[in-house]
Student: 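Submitted below is the structure of interest, expressed as structure tokens.
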Amino acid sequence: MAVPHGPSGVRVARRRMRDELRACGAPDTVIDDATLILSELLSNACRHARPLHEEAADPDGTGGGKPVDTVRASWRRDVRGEVTIAVTDGGGPTRPLPAKPSVTARGGRGLAIITALARDWGVRSEPDTPTDQPPGVTVWAVLRPESSFSGRVAASLGDFGDGLDGEFDLASVEELK
């Protein structure tokens, strides 16, 4: 889906992906991790990359509208339950690489978060970019359903429960004090 190059596009894409993954039966833990990955990829595209210039439809639906700054977001869930998330933008001055920000830095942790959540991630150039534009770039990540981070956290919190239903029990935590 094409979304605006900016914060409003992040919100629209997250909501749609969450709804579509839920509709196809993805576990909530996978949906949570996928939503965070999509947010990070779109935020990075808005912060560090040029938008794609796509033609907007005219109000009469004939095409030929003025160019709109967008990025493209896509996702799919395969038969094994793995979710692949990709964001394509107009590229930037550098390739995406994980940073090592200081403790007080206000940013720079997005790709480290993706690395922690995803089975794999990478960057590829888009060969079908028009010759009058810089090459597009797609950053992608694959999330394995059985190893979702939020699922691992939920499972570890289950250790604090009563042992019957695996739910978190605040009274058990209080006993640790």
Side-chain angles (χ1 to χ4, degrees), residues 1-52 54 68-92 94-101 105-126 128-129 136-161 165-168:
M1 76 183 281
V3 297
H5 183 262
S8 66
V10 177
R11 182 177 55 251
V12 169
R14 281 189 349 212
R15 184 174 298 129
R16 182 170 167 188
M17 183 179 72
R18 181 176 289 281
D19 291 345
E20 289 181 7
L21 289 176
R22 187 167 283 132
C24 74
D28 284 343
T29 55
V30 171
I31 294 170
D32 291 344
D33 288 358
T35 302
L36 180 54
I37 289 171
L38 179 65
S39 297
E40 291 296 336
L41 292 177
L42 285 169
S43 296
N44 285 349
C46 294
R47 191 172 296 118
H48 302 292
R50 293 179 292 274
L52 300 168
E54 300 187 325
V68 178
D69 290 345
T70 64
V71 293
R72 276 184 256 132
S74 63
W75 50 86
R76 68 178 167 80
R77 184 170 180 246
D78 67 17
V79 295
R80 295 180 311 260
E82 285 191 340
V83 177
T84 302
I85 304 146
V87 171
T88 302
D89 55 48
T94 61
R95 298 289 275 190
L97 293 171
K100 295 187 190 235
R106 299 183 84 190
R109 294 173 183 83
L111 289 176
I113 291 169
I114 291 169
T115 299
L117 296 176
R119 171 179 62 80
D120 197 11
W121 72 274
V123 181
R124 70 174 180 263
S125 294
E126 292 301 317
D128 60 348
T129 305
V137 171
T138 297
V139 183
W140 55 269
V142 179
L143 182 59
R144 191 180 299 148
E146 69 275 2
S147 64
S148 68
F149 179 75
S150 55
R152 292 190 308 265
V153 169
S156 69
L157 290 177
D159 294 341
F160 290 111
D165 57 11
E167 291 185 17
F168 184 72

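The figures here come from the full heavy-atom set of this structure, side chains too, leaving out hydrogens, waters and symmetry mates. Since the model is a prediction, treat every value here as computed from it, not as a measurement.
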Student: With respect to V87, which candidate in V3, L38, V139 satisfies the side chain to side chain contact (heavy atoms under 4.5 Å, CB included) definition?
Tutor: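 Passing option: L38.
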Student: What pairs meet the salt bridge (Lys or Arg N to Asp or Glu O under 4.0 Å) rule with one or both residues in residues 68-77, with sequence neighbours excluded?
Tutor: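 Residue pairs with at least one partner in residues 68-77: E54-R72.
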Student: At what distance, to the nearest 0.5 angstrom, does CZ of R14 lie from OG1 of T35?
Tutor: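 Going from the CZ atom of R14 to the OG1 atom of T35 covers 7.5 Å.
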Student: Taking all atoms of both residues into account, what is the closest heavy-atom pair of L52 and T88, and its distance?
Tutor: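 Answer, listing the atom of L52 first, then T88: CD1-O, 3.6 Å.
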Student: If you define the side chain from C-beta out and look only at heavy atoms, does anything of V30 sit under 4.5 Å from L143?
Tutor: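 Heavy-atom side-chain distance check passes, below 4.5 Å.
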Student: Are T84 and D78 side-chain neighbours, meaning at least one heavy-atom pair lies under 4.5 Å?
Tutor: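 Side-chain contact under 4.5 Å: no.
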Student: Apply salt bridge (Lys or Arg N to Asp or Glu O under 4.0 Å) to R22 and list each qualifying residue two or more places apart in sequence or on a separate chain.
Tutor: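 In terms of salt bridge (Lys or Arg N to Asp or Glu O under 4.0 Å), with neighbours along the sequence ignored, R22 is linked to D28.
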Student: If you round to the nearest 0.5 Å, how far is CD of E40 from CD1 of I113?
Tutor: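 The CD atom of E40 is 4.5 Å from CD1 of I113, to the nearest 0.5 Å.
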Student: Please find the pair of heavy atoms, one from A13 and one from A73, that lie closest to each other, and give the distance.
Tutor: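 Closest heavy-atom pair between A13 and A73: CB-CB, 4.4 Å.
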Student: Provide the closest heavy-atom pair for A141 versus I37 in the form atom of the first, atom of the second, distance.
Tutor: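 Shortest heavy-atom separation between A141 and I37 comes out as CB-CG2, 3.9 Å.
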Student: Distance check, rounded to the nearest 0.5 Å: M1 atom CE versus W75 atom CH2?
Tutor: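 CH2 of W75 is found 5.0 Å from CE of M1.
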Student: Mind checking the CZ-CG spacing from R11 to L42? Nearest 0.5 Å is all I need.
Tutor: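 It is 12.5 Å, given to the nearest 0.5 Å.
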Student: Just how far is it from atom CZ of R47 to atom NE2 of H5, taken to the nearest 0.5 Å?
Tutor: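 Nearest 0.5 Å value for the CZ-NE2 distance: 10.5 Å.
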Student: Looking at CG of D33 and CD1 of I114, how far apart are the two atoms once the value is rounded to the nearest 0.5 Å?
Tutor: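 If we round to the nearest 0.5 Å, D33:CG and I114:CD1 are 11.5 Å apart.
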Student: Can you see which heavy atom on V123 is nearest to which on W140, and at what distance?
Tutor: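 In this case the closest contact between V123 and W140 is N-NE1, 3.8 Å.
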Student: If I compare all heavy atoms of V71 with all of P4, which pair ends up nearest, and what's the gap?
Tutor: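 Minimum heavy-atom contact is CG2-O, 4.4 Å.
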